Amino acid sequence: MRLHPCPRRGLRALTVPGASAGDAVPWIVVGAIGDGVALVPVAADGSRGDTTRLDRRDFADRVRRTEGTARWVWSDTTAWYPALLAGGVRVARCHDLRLAHAILRDSARAVAADRLRSATEWDAAASVVDDGPSALFDIDPGTREVPHDLDSALAEFERQREVIAASAAGLRLLVAAESVGALVATEMHAAGVPWDAEVHDGILTGLLGPREPAGRLPARIEALGAEVRALLGDPGVSLDSQPKLLRALHRVGVAAASTSKWELREYDHPVIAPLLEYKRLMRLFTANGWAWRDEWAPDGRFRPVYVPGGVVTGRWASSGGGALQMPRQLRPAVRADPGWSLVVADVAQLEPRVLAAMSRDAALADSARDTDLYEGIVSRGVVSTRSEAKFALLGAMYGATTGDSGRLVPALRRAYPRAMGLVDDAARVGEEGGVVSTWLGRSSPPPSPGWRALQGSAGDPEATEADRTRARRAARDRGRFTRNFVVQGTAAEWALAWLGDLRARLAALPLVDEVDAAPRSGPLHARQAHLAFFLHDEVIVHTPAAHAALAAEAVSLAADAATRLLFGDIPLDFRLDLQVRIDAAKE
DNA sequence: AACTTTAATGGG
DNA sequence: GTCACCCATTAAAGTT
């Protein structure tokens, strides 16, 4: 069985409307009609085929039969796809109207997008739906959503096709990449990250003491709390209330202005060490303790909710479970199932490499060539230590003006004028109130009315010096935002291309059944290598151990493919730190 | 009582 | 060690 008909050509997953006249695979627009589902083929020239009406119970089967010869167009992947996955159906390609609308509506590179901007019913957040076959039909009535009916989908797809056809090619690719990201996000939520409760327990118990009944603190936190209160001379003081803790600290002569650990560690007082330890353990207990696992990883899988396009730059956000801030401390709890392995890969210095590629800065690309990029900057004599190189480059991309990194930026500007010119230009445009765009064409939001008013009032004859200072500061703030936007946003595009390509390559690997000859049923992610986690520049693939080498190769090949897809044939590698983890089998 | 904001800390 | 960019989550405090 092959769900993806073109296994070696991962880029097929990124095919976009109108991209190739010779590509006969039709778009099939999916929409709700009454209690059922309707499908309407749309050809490359926009002509529509006959409408097929289905009972919603037959939807997954129909998609399963048609998949491979279709590209699915639907209102919102979060509304339609969970039911398909629950029915054991994975699709290779889709066009997510909600996500595409947001990109095309705001892009400075979109041509004739006025009609899209008028279709405000498509300005909405993702569906808030539960998993399960009836996901689409269990919509929370209080949530503003995009329309899911067939006519709305057909009309919006028509508008989007026109804009895409008239616009720069990058937008086609961006819409396709964003859509495949939506598929990946839903699939990863369904599959989850393999999470070993025993390892998690071991970490928690070792640091906090055994789990206590609800409402009780673990012994180690209790003990530290008692010690701290004794040293503060106040047995009743609440350590979790910032103002109360601060007052108690002042009473014993610690004149801190805040209770942050960075500030507290500057003080030499016996209470500091146990207090910092108390805070550290309390954080672990409240954010990632037993209660967290009961809610987010109750069944041996951690299932964060990914939100593609949730960040203004195009990065993914998350909602629930704290997928984006799983502490490194807990990483050991991510363990492959028995007989399976994890392929863990992250891109070394993704953003600096993206900057080198998009600015076509040959000197920076050269510094990234045969070694660690930061070491490359040092070996070319730009700065003298690796840590200086790192802070200088981060400072250049974030807009630092003070401190060590600000001091080092001029040296970078001399060595890498094209790269620095790109981010400096983006900052200037932002300060002037303009809009900047990523490599593929995602645009920054325009300045707020408040920002414009502030700049305008600073030009008034009656403006005070304070007005002008505030306006200047706001302009600089916006400049730092747009400076970073172009790099962070393009890095997000590279990562989407990586994910999309990798997903197709993994789907082409054999099913477990084909390896151990023991026929199995169940979801595809239980039978085949699959993406399990993604975080900006890092992926985790959960794979049958027999396929670990193939999966690792796929991760590397996908990174190369993403680089070529975005930037063409450039002399620059996106180096991966790649590990294959084969965890010892549990009893 | 319900909601929003703040401070702190976790991630890239 | 710091913070310059993008975030989420928690508890307590503040607001309505």
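From a predicted model like this one, the values you see are computed outputs, not experimental measurements. Within every chain, numbering begins at 1; the chains are lettered A, B, ... in the order of the sequence lines, protein sequences first and strands thereafter.
Around atom CG of A:Asp268, no more than 12 heavy atoms belonging to other residues, nucleotides or ligands sit under 6.0 Å away.
A centroid separation of 6.0 Å or more is found between the aromatic rings of A:Trp296 and A:Phe302.
A:Lys279 places its NZ atom 12 Å from the C1' atom of C:dA11, with the value rounded to the nearest Å. Following rounding to the nearest Å, A:Trp316 (CH2) and B:dG11 (C1') show an atom-to-atom distance of 16 Å. When the C1' atom of B:dA7 is taken as reference, atom CG of A:Leu246 falls 11 Å away, rounded to whole Å. Note: CG (A:Leu284) to P (B:dT9) measures 14 Å, nearest angstrom. Nucleotide C:dC3 holds its C1' atom 15 Å from the CD atom of A:Glu263, rounded to whole Å. In this entry the distance linking CD of A:Gln349 with P of C:dC5 reads 22 Å, nearest Å. In this structure, CZ of A:Arg483 is placed 13 Å from P of C:dC6, rounded to the nearest angstrom. Atom-to-atom, CG of A:Leu245 to P of C:dT10 comes out at 21 Å; the value is rounded to the nearest Å.
Of the candidate nucleotides C:dA4, C:dA11, B:dA7, B:dA7 has the atom lying nearest to any side-chain atom of A:Gln242. Nearest nucleotide to the A:Ala400 side chain, out of B:dA8, C:dA4, C:dC6: C:dA4. Closest to the side chain of A:Trp262, from the set C:dC7, C:dC5, C:dG1, is C:dG1. Candidate nucleotides C:dC6, C:dA8, C:dA4 were compared by shortest atom distance to the side chain of A:Asn484, and C:dC6 ranks first. Comparing C:dT10, C:dG1, B:dG10 by their nearest atom to the side chain of A:Phe391 picks out C:dG1. Minimum atom distance to the side chain of A:Tyr398 is reached by C:dA4, of the listed C:dA8, C:dA4, C:dG1. Distances from the side chain of A:Lys261 to the nucleotides B:dT9, C:dA4, C:dC6 place B:dT9 closest. Checked against C:dA13, B:dG12, C:dC7, the side chain of A:Gln488 finds its nearest nucleotide in B:dG12. With C:dA12, C:dG1, C:dA4 as the candidates, the nucleotide lying closest to the side chain of A:Arg265 is C:dG1.
When each of A:Asp106, A:Asp123, A:Asp96 is tested with A:His101 by the rule side-chain hydrogen bond (donor to acceptor under 3.5 Å, both in side chains), just one qualifies, namely A:Asp123.
The pair A:Arg353-A:Asp573 does not meet the salt-bridge criterion, since no charged nitrogen lies less than 4.0 angstrom from a carboxylate oxygen. Between A:Asp234 and A:Arg251, at least one side-chain nitrogen of the basic residue sits less than 4.0 Å from a carboxylate oxygen of the acidic one, meeting the salt-bridge criterion.
Residue A:Ser260 is in sugar-phosphate contact alone, with no base atom involved, counting any heavy-atom pair closer than 4.0 Å across all strands shown. Across all strands, A:Ser238 comes closer than 4.0 Å to no nucleic acid atom at all (heavy-atom distances). Across all strands shown, A:Thr402 has no heavy atoms under 4.0 Å from either base or sugar-phosphate atoms. At a threshold of 4.0 angstrom between heavy atoms, the contacts of A:Phe485 with the nucleic acid are absent. Looking at heavy-atom distances under 4.0 Å, A:Arg480 makes contact with sugar-phosphate atoms alone, never a base. Residue-level contact check: A:Met326 touches the backbone only, with heavy atoms under 4.0 Å from sugar-phosphate atoms and none from bases. Using a 4.0 Å heavy-atom distance criterion, A:Val487 is classed as making no nucleic acid contact. Residue A:Gly406 is classed as having no contact, given no heavy-atom separation below 4.0 Å to the nucleic acid. If you check every strand for non-hydrogen atoms under 4.0 Å, A:Arg328 touches sugar and phosphate atoms only. Across all strands shown, A:Gly322 has heavy atoms under 4.0 Å from sugar-phosphate atoms exclusively, and none from any base. Residue contacts shown for A:Ser258 are limited to sugar-phosphate atoms, with no base heavy atom under 4.0 Å away.
Taking side-chain N and O atoms only, A:Ser319 has no distance below 4.0 Å to OP1 or OP2 of C:dA8.
Take the nearest nucleotide of DNA chain C for A:Leu394 and for A:Arg283: the residue whose nucleotide is more 5' is A:Leu394.
In this model, a donor atom of one side chain and an acceptor atom of the other lie less than 3.5 Å apart for A:Asp76 and A:Thr78.
The base of C:dA8 is paired with the side chain of A:Gln325 by a donor and an acceptor separated by under 3.5 Å.
Nearest heavy-atom pair across A:Tyr267 and A:Ile272 is O-CG1, 3.6 Å.
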